[in-house]
Amino acid sequence: MKKYSFLLASGLFLLFSCDLYEAPVSETDRKAIFSSAEGIDAYSISFYNMLPNATDQSIIEQSLVDFGATTTLSGFITLNAYSEDNGGGWSWDNLRNINYFIVNCTDPAVSEDVRNNYIGIARFFRAMFYFDKVKMFGDVPWIDHPLEPDDEALYAQRDSRELVMEKVYEDLRFACDNITRTTDATGCSMVTKWVAYALTARVSLFEGTFRKYHNMNTATSATAWLKRAEDAAAYVMANSGKSLNPNYRALFTSDNPPATETMLAICSSASLGVYHQANWRWTSATYGGALNLIRPFVCTYLQKDGTPYTNRSGWQYEDFYDECQNRDGRLAATIRTPGYMREGNIALPEFGGYARLGYQPIKLCVDATFSDTKSENTHAMQLFRYAEILLNYAEAKAEQGTLTDEDWGKTIGALRQRAGITGGLTAKPTVVDTYLQSNYFPDITDPAILEIRRERSVELLLEGFRFDDLRRWKHGEIMKNTWTGMYIPAINQALDVDRNGSYDVIYYTTAEGLKEAQDAIGSAAAEDCATVQVSTDPAATSIQAHVAGDGKGYYLAWYTHNDAMKVWGPKQYLYPIPVLVMVKNQNITQNPGWENGATNNGN
């Protein structure tokens with residue numbers, strides 16, 4: 001449910017989900033809406049229904065991710081589980097609504113500046129609509145007017161990515177130049193000029209890096225798009241007045257998101273009865289994907305001094321307590337770490353329940369427990385924030401080869417300083433982190449680009465960017481990584497995970513092993529100690545305990561028996577056109593590799 005919705009005049013919206021036609025609107029309705037600023041303002045609220053609701057945004061990264069393990073594997077990366085027969089996403093409802101507004105917002109009774117402001121908002125949402133379509137399908141038909149039953153465009157071919165994305169950029173430029181709102185007293189829930197610039201930077205960075213790493217030969221070069229990203233981000237940095245909020249976690253747990261950094265958010269309200277389910281989804285082992293971070297990703301969080309965690313001697317065998325010490329402050333703001341409290345009580349990861357691998361996220365849920373089993377959250381969900389602007393600027397410049405130490409200091413350095421990191425803040429790096437390179441981006445030799453990717457991954461985690469990032473960087477294969485979790489020094493033995501003097505969990509393989517471990521600590525201590533059965537068989541379907549290197553303890557693991565079912569091939573950088581679309585419009589052709597019912601078989 002969204003905070004904003006608006007029921008327009010009867011007959012305005014009669015939408016069809018799979019085609020491009022909508023019934024016409026009477027002249028009387030049209031005049032009533034477009035002859036006043038109040039009418040077009042009311043109409044513009046309908047565009048916000050394109051935004052995700054707070055629950056959807058809070059779990060946007062519980063499926064197609066490389067950094068976490070979920071209860072099930074997404075069909076898109078499961079062998080032979082996805083094809084043109086079960087694909088989706090070819091819906092054009094929102095476009096018809098936007099185009100109708102743009103074409104009809106011409107009444108001279110409303111001043112041109114006012115009309116252009118609202119047309120700018122409409123074109124912002126049209127750019128967002130087409131950006132999502134291009135990311136998903138590549139070439140798509142460009143439609144810039146509301147279609148009638150006899151319109152030839154109903155059977156249009158797919159226009160080139162080059163044409164569509166240039167049209168998207170035109171829409172964004174118009175939005176940036178004409179949207180007049182620069183501040184928002186409604187909790188950062190309305191599109192402003194700065195949000196338009198932010199979307200311009202986001203779109204341009206995606207397109208520039210996608211064209212670069214996919215070696216696309218297009219009229220508008222990858223470099224041109226990267227310069228567009230740089231310029232849009234630079235404008236926000238110089239003119240918006242936005243800055244980093246000192247408290248990182250407050251950005252994701254506040255009912256009224258900090259306006260210092262927030263640019264656009266999905267807001268909820270107890271007084272209006274608008275709630276969401278973030279806590280329920282992030283604390284229940286059965287309701288939702290129950291995503292845990294995996295250890296290879298946790299290892300990418302830096303140490304407080306700015307050096308890689310994997311520079312530590314013996315890092316491979318550090319238990320949960322040790323690995324969480326002296327780390328980037330965003331680690332403790334993202335998952336439950338030793339010392340985390342909920343309502344005055346120590347709240348360790350829910351071992352064996354939600355925290356199958358030990359790394360339980362907290363970033364998008366609040367510390368209060370009242371909404372853990374119901375839909376009563378009201379904290380805002382971020383859609384655009386200033387930190388992304390800094391990341392986009394730094395990456396766009398690094399990809400062009402123009403990043404300076406000054407650029408580094410005011411972007412990546414500033415983000416790391418907020419996270420409590422003390423080293424490497426003022427000068428771009430000159431040495432490659434071999435762990436990050438070999439495990440994630442072996443094709444990247446530029447230390448600055450590697451570190452910007454690290455920073456982006458950590459800063460924007462769980463906010464919906466990762467799948468798009470891996471696709472534009474041409475590294476979808478990372479989603480095939482094995483799901484391994486925290487290191488444990490022993491099984492069939494009670495562990496004091498947070499070193500507070502009391503036992504927390506026993507990972508055991510047999511009933512006999514569990515009894516021996518419980519007897520060793522006594523019945524009183526055993527009563528408060530969680531118990532989790534694990535298997536040392538890599539083919540097991542339960543939580544596994546894999547022997548660590550040199551036989552020094554174990555790594556928790558999940559779903560590794562199905563690693564062979566994880567697939568990624570060149571065709572998966574785009575989705576298949578749903579087969580019904582091509583039945584209705586035979587001018588629409590299928591994306592390469594998905595033809596004739598082909599599945600996601602890794603080719």
Side-chain angles (χ1 to χ4, degrees), residues 2 4-6 8 11-25 29-30 33-34 40 42-53 56 87-106 118-175 178-179 191 195-196 199-200 202-203 206-207 383 574-575 577-578 580-582 584-585 587-588 591:
K2 300 179 176 65
Y4 298 103
S5 62
F6 191 85
L8 297 178
L12 182 56
F13 299 114
L14 180 59
L15 303 175
F16 296 85
S17 61
C18 291
D19 53 40
L20 301 176
Y21 169 68
E22 181 182 315
V25 179
D29 290 334
R30 183 183 296 114
I33 295 166
F34 293 105
I40 60 177
Y43 191 128
S44 73
I45 297 300
S46 70
F47 303 146
Y48 288 81
N49 287 319
M50 289 177 57
L51 301 178
N53 62 43
D56 289 344
W90 195 269
S91 174
W92 299 80
D93 302 355
N94 291 316
L95 180 63
R96 178 58 168 84
N97 182 33
I98 293 167
N99 282 340
Y100 182 86
F101 179 90
I102 293 172
V103 168
N104 288 282
C105 191
T106 58
Y118 288 103
I119 293 172
I121 294 171
R123 293 181 70 170
F124 168 91
F125 281 100
R126 185 166 68 182
M128 179 179 288
F129 172 90
Y130 263 109
F131 178 47
D132 288 340
K133 284 289 181 286
V134 169
K135 284 190 298 181
M136 195 167 190
F137 300 113
D139 298 348
V140 291
W142 172 258
I143 306 295
D144 61 1
H145 61 280
L147 301 184
E148 301 300 337
D150 58 349
D151 198 316
E152 292 181 358
L154 287 168
Y155 303 98
Q157 298 178 355
R158 299 164 70 185
D159 286 306
S160 70
R161 184 182 190 124
E162 172 71 12
L163 182 150
V164 174
M165 290 307 296
E166 286 304 300
K167 293 293 187 181
V168 166
Y169 187 67
E170 289 176 15
D171 276 352
L172 289 169
R173 288 308 314 160
F174 187 92
N178 289 280
I179 293 176
V191 171
V195 176
L199 181 59
T200 305
R202 180 185 294 182
V203 168
F206 181 94
E207 196 63 12
L383 292 179
L574 295 175
Y575 279 75
I577 308 296
L580 185 59
V581 172
M582 295 178 291
K584 290 183 175 182
N585 180 1
N587 291 318
I588 298 292
N591 276 324

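Considering every non-hydrogen atom in both His145 and Asp151, the closest pair reads NE2-OD2, 2.9 Å. The shortest heavy-atom contact between Asp139 and Ser160 is OD1-C, 3.6 Å. The minimum heavy-atom distance linking Val140 with Trp90 is given by the pair CG1-CZ3, 4.1 Å. Shown here for Ala122 and Ile102, the closest heavy-atom pair between the two residues is CB-CG1, 3.7 Å. The shortest heavy-atom contact between Pro141 and Ile588 is CG-CD1, 4.0 Å. Among all heavy-atom pairs drawn from Ala153 and Ile143, the shortest one is CB-CD1, 3.9 Å.
Here Phe131 contributes atom CZ and Met165 contributes atom CE; the two are 6.0 Å apart, rounded to the nearest 0.5 Å. Note that CG of Asn94 is 9.5 Å distant from CZ of Phe125, once rounded to the nearest 0.5 Å. From Ile119, atom CD1 reaches atom OG1 of Thr106 across 8.0 Å, with rounding to the nearest 0.5 Å. Atom-to-atom distance recorded for Arg173:CZ and Arg123:CZ is 11.5 Å, nearest 0.5 angstrom. For the atom pair CG of Leu154 and CD of Glu152, the computed distance is 10.0 Å after rounding to the nearest 0.5 Å.
Remark: Tyr575 engages Phe76, Tyr82 in a ring-ring contact (aromatic ring centres under 6.0 Å, His included) (not counting sequence neighbours). With sequence neighbours excluded, no residue forms a salt bridge (Lys or Arg N to Asp or Glu O under 4.0 Å) with Glu170. In this structure, Asn587 has no side-chain hydrogen bond (donor to acceptor under 3.5 Å, both in side chains) partners at least two apart in sequence or on a different chain. Taking Arg126 as the reference, Asn99, Asp171 meet the side-chain hydrogen bond (donor to acceptor under 3.5 Å, both in side chains) condition, with sequence neighbours excluded. Residues satisfying the side-chain hydrogen bond (donor to acceptor under 3.5 Å, both in side chains) test with Asp144, not counting sequence neighbours, are none. Residues satisfying the side-chain hydrogen bond (donor to acceptor under 3.5 Å, both in side chains) criterion with Glu162, sequence neighbours excluded, are Arg211, Thr220. Among residues two or more places apart in sequence or in another chain, the ring-ring contact (aromatic ring centres under 6.0 Å, His included) test is passed with Phe129 by Trp92. For Phe101, the ring-ring contact (aromatic ring centres under 6.0 Å, His included) criterion is met by Phe34, Tyr43, Phe47, not counting sequence neighbours. Residues satisfying the salt bridge (Lys or Arg N to Asp or Glu O under 4.0 Å) test with Lys133, not counting sequence neighbours, are none. Every residue meeting the salt bridge (Lys or Arg N to Asp or Glu O under 4.0 Å) condition with Asp132, not counting sequence neighbours, appears here in chain and number order: Lys135. Residues passing the salt bridge (Lys or Arg N to Asp or Glu O under 4.0 Å) test with Arg158, sequence neighbours excluded: none.
One N or O on the side chain of Asp159 and one on the backbone of Trp142 form a donor-acceptor pair closer than 3.5 Å. In this structure, the side chain of Tyr169 does not engage the main chain of Val203 through any donor-acceptor pair within 3.5 Å.
Counting only heavy atoms from C-beta outward, the side chains of Leu172 and Leu199 approach each other to under 4.5 Å. Between Ile121 and Ile179, the closest side-chain pair of non-hydrogen atoms falls below 4.5 Å.
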